[in-house]
Amino acid sequence: MTELTVLVTDRHDEAEGVFSLDLSAVGDAGLPQWSPGAHIDVSVGAAGVRQYSLCGDPASDHWRIAILHDPAGRGGSDHLFRTALPGTRLQVSLPRNNFELRDSEEYVFVAGGIGITPILPMLVAAERAGRTWTLYYGARTRAHLAFAADLRRYSRVRLVPQDEAGLLPLAEIFGEHSGATVYCCGPEPMLAAVETEGARAGSEVRTERFTARIVDTAADREFEVRLAIDGRSLPIPAGRSIVDVLESAGITLITSCREGTCGSCETAVLEGVVEHRDSVLTAQERESGRTMLPCVSRARSEVLVLDL
Ligand code: FES
């Protein structure tokens with residue numbers, strides 16, 4: 001990843017198991033601009049790299065990220081929990097946005113747990129643009145609702161602790177806001193339910209996932225990738241990704257997550273039909289077949305010609 005060193009200037013508890021970090025530039029150059037929906041990659045020591053949404057105000061001179069501390073996870077959040085104290089330096093990437101807030105007359109934001117983070121700056125942007133919006137925010141309990149104190153200043157926020165009010169009433173929400181553009185981030189079952197309900201209601205739904213999709217790989221077969229630049233042909237066997245095979249052939253793509261969630265390896269497709277397995281491209285982008293995420297996606301056709 002393109003690296004930038006930032007300084008942790010502040011740290012706060014935001015909910016049960018969630019803490020936020022304020023990050024400032026090191027030196028006088030300031031931090032790069034970003035837009036609502038953007039995330040950064042953060043180096044987390046031996047655990048590798050993790051993606052975190054920028055959840056502060058894009059107009060501010062510092063960045064804010066929030067982390068769900070999972071002591072039994074893969075080690076990334078625990079590394080930050082133990083080491084990211086005020087005064088610590090972190091290696092991060094430039095902001096990347098796979099979840100742009102497109103213009104709409106009305107927005108419905110649906111968030112679950114730590115999935116509130118990319119939504120927070122969207123609320124600020126929608127409010128500043130004078131758009132109609134409503135946020136439905138669910139979490140296990142009231143104590144798990146992050147940034148609840150900030151959110152309570154808006155009258156358009158519905159906080160839904162599951163132990164008191166059950167799951168978000170998605171059918172009701174879509175029924176009440178037909179025609180609104182829906183942005184959703186949260187755990188996989190919520191994302192899948194919102195996509196299903198959105199398809200039924202004919203609403204435009206945009207989602208962001210930070211975990212890989214669960215894919216059945218049992219029927220995977222070999223296909224061929226052809227490079228546009230020199231016509232070289234590489235067989236991609238079942239069990240290996242395009243990125244892996246390209247690297248073995250000395251062709252390095254920019255990668256970060258390697259599980260189809262960050263968008264950094266997006267590559268243009270010139271010919272062939274893609275079997276999309278990422279969590280980044282929209283339904284329209286998949287349909288167009290113009291790009292793919294070769295760290296996870298494969299081919300439906302015998303051959304894929306990539307713009308490499
Ligand atoms: S490396 Fe993150 S989507 Fe491919």
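The figures here come from the full heavy-atom set of this structure, side chains too, leaving out hydrogens, waters and symmetry mates. Start at 1 and go down the list; that is how both ligands and their atoms are numbered.
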- Message: Run the side-chain contact (heavy atoms from CB on, under 4.5 Å) test against Leu68 and tell me which residues pass, sequence neighbours left out.
- Response: Val18, Ile114
- Indicate yes or no: at least one non-hydrogen side-chain atom of Phe174 is less than 4.5 angstrom from one of Val194. yes
- Which parts of the protein, at residue level, reach under 4.0 Å of ligand 1 through a heavy atom? Thr255, Ser256, Cys257, Arg258, Gly260, Thr261, Cys262, Gly263, Ser264, Cys265, Leu293, Cys295
- Applying side-chain contact (heavy atoms from CB on, under 4.5 Å), name anything that partners Ala143, two or more places apart in sequence or on another chain. Glu16, Thr141
- Query: Does the side chain of Glu266 reach to within under 4.5 Å of the side chain of Leu281, using non-hydrogen atoms?
  - Reply: yes
- Task: Sorted by first residue and then second, give each side chain to side chain donor-acceptor pair (under 3.5 Å) pair with at least one member in residues 128-140; sequence neighbours left out.
- Result: Asp57-Arg128, Asp103-Arg131, Glu127-Trp133, Tyr136-His177
- Backbone N/O of Leu135 and side chain of Tyr107: donor-acceptor pair under 3.5 Å: no
